[in-house]
Amino acid sequence: MTRLAQTAGLNDVQREILATVRDFVDKEIIPVATGLEHRDEYPTEIVEGLKELGLFGLMIPEEYGGLGESLLTYALCVEEIARGWMSVSGIINTHFIVAYMLKQHGTQEQKDTFLPRMALGEVRGAFSMSEPALGSDVSAISSKGVKDGEEYVLNGQKMWLTNGGTSTLVAVLARSDEGHPEGTAPHKSMTTFLVEKEPGFGEVRPGLTIPGKIDKMGYKGVDTTELIMDDLRIPANRALGGTTGRGFYQMMDGVEVGRVNVAARGCGVAQRAFELGVSYAQQRHTFGKPIAQHQAIQFKLAEMATKVEAAHAMMVNAARKKDSGERNDLEAGMAKYLASEYCKEVVEDAFRIHGGYGFSKEYEIERLYREAPMLLIGEGTAEIQKMIIGRRLLEEYRIQG
């Protein structure tokens, strides 16, 4: 075995793509990631490199200028990129959720308008569900879109947009009561609106403000922002799919892709933590020998490697299930839950192996230790995943009669 988390059954194209991405990560991301992260600096050169590799069009169909690859290929690329720096994987994740939603649910005009430019990275996507007082209760969304002639007028405040500043297209979930009588279930009166904007901060178009970057414990470099809509007017044909009331289902379809992505990120960060831990354990000496020769450290490395392998296997299974066209909310929830929890544990074990040096900003593990917690809450907390898993299990194992 040359390294952990190998994937069986890949074709030659997939193997070539992954080898190219891994080489890019080793040469262009890992050497600069910690410095950029400490400065909270957007990785412009890295992103330009990803554009040149065609990764912004990885899952976009060939007819729109993309590579037409599977979710599995995308997830394995994300795993490699997160191994280098998790923030970079976040930049392409939100872009791909929007591209996926357009591909699956957009009108032909919407696909023709956006997908070719998204494949080139000229249009960069972000998606927006959360609000300041929302938490995990998506049905409590208060942002609203009201029809006014040939336009919608949007008002509300959104929260936690990855790519909020650098994006030029945001998929925004808002209530839209038009055409839905009073008493309609909240999730049936929501619409996804496609909002075009200029990159940057402040008022990026009339009625739309991106206040600035949120200062975070980790997951730095990538811009995480609020979004404020104040009588924002957009054309009526920018309701995703050309109809209202389907936004919740469209977003949940996108989130399933996002959960596979977060699982892949957890796998990548955990792999890097294992690499750092097993390397340091062979260099650090105590009591006259490398600490890797102490049984306690070997046990820890064994547990870490097993968790990396298990998380990777579940992530691959969830991606393949989605690619098959089947419902994968159970598999995606399990993969996201297990990978994020195992990632936290593997990172902490690598941190412990480093001893006092793990607390120093000179060592890469310090950055990973601050990044791993984001995966515990991104795309739904562990508790939300358990609710999804539990409900789906009861559907599958319901007692008859």
Side-chain angles (χ1 to χ4, degrees), residues 1 3-7 30 33-34 37 75-76 78-87 89-90 216-219 258-282 284 291-292 294-318 331-361 363-390:
M1 183 181 73
R3 57 184 290 265
L4 295 175
Q6 296 293 298
T7 308
I30 289 177
T34 297
E37 197 271 348
L76 294 175
V78 167
E79 183 179 37
E80 293 290 355
I81 292 169
R83 175 181 154 268
W85 185 16
M86 190 179 72
S87 293
S89 65
K216 309 181 297 288
M217 175 179 75
Y219 198 41
R259 285 179 177 146
V260 173
N261 173 283
V262 172
R265 284 195 245 179
C267 292
V269 174
Q271 282 185 48
R272 185 59 181 163
F274 175 81
E275 291 171 3
L276 294 172
V278 75
S279 175
Y280 185 84
Q282 295 172 78
R284 175 71 170 175
I291 63 172
H294 295 295
Q295 190 179 65
I297 299 298
Q298 291 178 8
F299 283 0
K300 198 175 292 292
L301 292 172
E303 292 169 0
M304 293 162 67
T306 302
K307 289 173 181 177
V308 169
E309 286 284 354
H312 175 83
M314 292 199 73
M315 178 271 291
V316 168
N317 181 55
E331 290 79 9
M334 285 181 168
K336 191 275 173 183
Y337 168 53
L338 190 81
S340 58
E341 294 291 334
Y342 275 0
C343 175
K344 176 201 69 173
E345 294 170 10
V346 171
V347 168
E348 182 170 321
D349 281 342
F351 176 85
R352 290 174 184 269
I353 287 172
H354 279 74
Y357 289 104
F359 211 62
S360 168
K361 285 186 174 289
Y363 283 75
E364 190 178 342
I365 191 62
E366 181 272 342
R367 169 170 61 84
L368 271 58
Y369 194 78
R370 287 184 289 103
E371 289 178 338
M374 196 285 290
L375 298 172
L376 300 174
I377 54 176
E379 311 295 3
T381 63
E383 289 72 23
I384 290 296
Q385 307 311 319
K386 290 177 185 178
M387 287 174 58
I388 294 168
I389 294 165

- Message: Evaluate Thr381 against Ile384 for side chain to side chain contact (heavy atoms under 4.5 Å, CB included), listing each step before the verdict.
- Response: CA-CA 5 Å; Thr381 63; Ile384 290 296; 3.5 Å; yes
- Check against side chain to side chain contact (heavy atoms under 4.5 Å, CB included), Glu80 and Leu76: CA-CA 6 Å; Glu80 293 290 355; Leu76 294 175; 5.9 Å; no
- Task: Please test Lys386 against Glu383 for salt bridge (Lys or Arg N to Asp or Glu O under 4.0 Å), starting from the C-alpha separation and ending with a verdict.
- Result: CA-CA 5 Å; Lys386 290 177 185 178; Glu383 289 72 23; 5.3 Å; no
- Message: Please evaluate residues Arg367 and Trp85 with respect to the criterion side chain to side chain contact (heavy atoms under 4.5 Å, CB included), reporting the C-alpha separation (whole Å), side-chain torsions for both, the decisive distance (0.1 Å), and the verdict.
- Response: CA-CA 9 Å; Arg367 169 170 61 84; Trp85 185 16; 3.3 Å; yes
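The shortest heavy-atom contact between Leu375 and Cys343 is CD1-SG, 3.8 Å. Ser340 approaches Leu376 most closely through the heavy-atom pair O-CD2, 3.6 Å. In terms of heavy-atom proximity, Glu364 sits nearest to Thr34 at CG-OG1, 3.9 Å. The minimum heavy-atom distance linking Arg265 with Ser89 is given by the pair CD-OG, 2.9 Å. The heavy-atom pair separating Tyr219 from Ser87 by the smallest distance is C-OG, 3.4 Å. Closest approach of Ile365 to Ala273, counting heavy atoms only: CD1-CB, 4.2 Å.
Remark: side-chain polar atoms of Glu309 are paired, donor with acceptor, to backbone N or O of Ala5 under 3.5 angstrom. Remark: the backbone N or O of Glu275 is not paired with any side-chain donor or acceptor of Ser279 at under 3.5 angstrom.
Side-chain contact check for His312 versus Thr7: some heavy-atom pair is nearer than 4.5 Å. In this structure, the side chains of Ile353 and Met304 come closer than 4.5 Å at one or more pairs of heavy atoms. Within the 4.5 Å cutoff, the side chain of Lys216 has no heavy atoms near those of the Met374 side chain. Side-chain contact between Ile30 and Arg272: present, with at least one pair of heavy atoms (C-beta onward) separated by less than 4.5 Å. For the pair Leu368 and Leu276, the minimum side-chain heavy-atom distance is below 4.5 Å. Residues Arg259 and Ile388 form a side-chain contact, since some pair of their non-hydrogen atoms from C-beta on lies under 4.5 Å apart.
From Lys336, atom NZ reaches atom CE of Met315 across 14.5 Å, with rounding to the nearest 0.5 Å. Residue Tyr342 holds its OH atom at 10.0 Å from CD of Glu303, rounded to the nearest 0.5 Å. Atom-to-atom distance recorded for Met314:CE and Tyr337:OH is 10.5 Å, nearest 0.5 angstrom. Distance check, rounded to the nearest 0.5 Å: CZ of Arg352 to OH of Tyr369 gives 7.5 Å. The CD atom of Glu79 sits 11.0 Å away from atom CD1 of Ile81, with the distance rounded to the nearest 0.5 Å. Atom-to-atom distance recorded for Asp349:CG and Lys300:NZ is 4.5 Å, nearest 0.5 angstrom.
Shown here are the side-chain hydrogen bond (donor to acceptor under 3.5 Å, both in side chains) partners of Glu37, two or more places apart in sequence or in another chain: Arg370. For the salt bridge (charged side-chain N to carboxylate O under 4.0 Å, His left out) test, residues two or more places apart in sequence or in another chain that qualify with Glu341 are Lys344. In this structure Thr306 satisfies the side-chain hydrogen bond (donor to acceptor under 3.5 Å, both in side chains) test with no other residue, sequence neighbours excluded.
Ring pair His354/Tyr280 is parallel by interplanar angle, where below 30° counts as parallel and above 60° as perpendicular.
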